[in-house]
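Since the structure is predicted, the reported quantities are computational estimates derived from the model, not experimental observations. We count residues from 1, following the sequence as given. Every number for a ligand or one of its atoms is a count from 1 in the order of the listing.
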Amino acid sequence: MPPVLRLLASGAAISGPELALRLGISRAAVWKQIEAVRRAGLETVSERRGYRLERPLDLLDVARVRCSLPAPLRRRIGSIENHWRLDSTSSELARRAAELPDLSFVFADWQDAGRGRRGRKWLSPPARNLQFSCLKRFAGGYAALSGLSLAVGLAAARALEDCGIAGVALKWPNDLVHRDAKLGGILVELGGEFMGPCHAIIGIGINVDLPAAVRRSLDRACADLAGLCGGGLPSRNELAAALIARLVEALDAFDASGFSACAAAWAERDVLAGRRVRVDDPRGGFEGIAEGVDLRGALQVRTAVGVRAIDSGEVSVRSA
Ligand code: ATP
């Protein structure tokens with residue numbers, strides 16, 4: 001974290017000359033550091049008394065997150081790291097997948113190349129949201145992993161419920177939503193052998209406190225936890241611990257019985273069920289009524305010519 005941000009983290013205003021003195025740098029260098037975080041979407045205020053952040057920072061402390069997990073879970077998971085800035089937590093895990101133990105977690109306060117599906121971007125400005133990736137190895141091949149991103153979405157929704165956040169729904173295949181506004185996203189990428197031992201890199205991004213500037217730059221309605229729970233926002237550490245616990249629980253269940261074991265629970269949170277949807281498929285789009293998912297996690301869409309099952313990660317489904 002840039003030293004200037006550590007000094008400003010409490011939300012108190014500090015004058016430019018004092019920041020420069022405490023950091024042993026010029027006032028111009030202070031200004032440059034502040035400009036860099038402001039451009040990345042973190043709201044800073046410059047007023048007569050000096051610079052301050054619009055709201056204090058809720059710093060993530062992964063050592064504390066690890067300590068707060070139940071002992072058996074703590075022993076099972078691999079490493080948990082937090083980086084101030086990464087291109088993407090999933091890219092970082094992919095680079096190190098061979099060397100890291102199973103169930104390792106990489107968090108980043110700031111991702112500047114966060115990824116969605118099909119080359120889309122996931123925006124996450126510094127230190128306000130939660131984004132991390134988890135490495136999970138599987139003994140079987142890719143075929144057994146259909147529905148994994150849905151199982152992960154369900155785990156994330158349950159973790160938020162554990163933290164007192166109600167009303168989180170799921171949009172096939174990989175979105176956490178509140179009503180129709182996007183609250184979080186999941187990206188599962190597979191590596192290793194197609195037919196044999198393989199691994200999933202599971203990326204989760206959740207809007208905890210999305211700055212207005214980032215909201216404005218998005219082409220769709222989005223939600224954040226701060227808006228959902230008003231004053232009682234859980235800390236990022238609490239959220240991280242709940243997400244790790246629910247994710248490991250879900251991955252164990254998935255390893256044992258695939259998506260089918262959680263299909264009913266997923267259906268309870270399915271925001272598209274019964275709605276008219278537009279399916280954008282590179283091979284041709286169509287409309288129909290969404291009728292939930294099957295036991296493999298494929299979306300069922302009723303059309304004039306019957307029910308079509310959609311399981312391609314390349315397809316986009318939106319409310320029509
Ligand atoms: P679909 O077509 O299924 O709706 P998608 O547009 O949700 O897919 P994803 O890959 O799931 O695609 O997510 C990437 C998209 O999410 C971006 O194109 C952008 O519209 C939106 N997005 C990016 N960052 C955020 C964020 N922090 N909060 C909410 N939405 C975001």
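- In the model, Arg117 has no side-chain atom that pairs as donor or acceptor with a side-chain atom of Ser316 under 3.5 Å.
- Residue Leu183 does not touch ligand 1, judged by heavy-atom distances below 4.0 Å.
- A salt bridge links Arg236 with Asp109: the distance from a Lys NZ or Arg NE/NH1/NH2 to an Asp or Glu carboxylate oxygen falls below 4.0 Å.
- On a distance-only criterion, Arg220 and ligand 1 share at least one N/O pair closer than 3.5 Å.
- The closest protein non-hydrogen atom to atom 2 (O) of ligand 1 is Ser316 OG, 2.4 Å.
- With hydrophobic clusters built from ILVMFWY side chains whose heavy atoms lie under 4.5 angstrom apart, Leu93 does not share a cluster with Trp110.
- Distances shorter than 4.0 angstrom do not occur between any heavy atom of Arg115 and any atom of ligand 1.
- Of all the listed residues (Arg318, Lys182, Arg128), Lys182 holds the heavy atom that lies closest to atom 15 (C) of ligand 1.
- Among the candidates Leu187, Ile201, Val188, Ile202, the single residue satisfying the side chain to side chain contact (heavy atoms under 4.5 Å, CB included) test with Ser133 is Ile201.
- Here the protein heavy atom with the shortest distance to atom 12 (O) of ligand 1 is Arg120 NH1, 3.3 Å.
- Cation-pi geometry between Arg308 and Phe286 is satisfied (NZ or CZ under 6.0 Å from the ring centre, within 45° of the ring normal).
- Trp122 CZ3, 3.7 Å is the protein heavy atom nearest to atom 30 (N) of ligand 1.
- Ring geometry for Phe194 versus Tyr142: interplanar angle of 30 to 60°, hence tilted.
- At a heavy-atom distance under 4.0 Å, only side-chain atoms of Leu218, from C-beta outward, approach ligand 1.
- Nearest to atom 19 (C) of ligand 1 by heavy atom, out of Leu123, Asp224, Asp219, is Asp219.
- Of the protein's heavy atoms, Lys121 O, 3.1 Å lies nearest to atom 23 (C) of ligand 1.
- Between Arg52 and Glu47 there is a salt bridge, since at least one side-chain N of the basic residue sits less than 4.0 Å from a carboxylate O of the acidic one.
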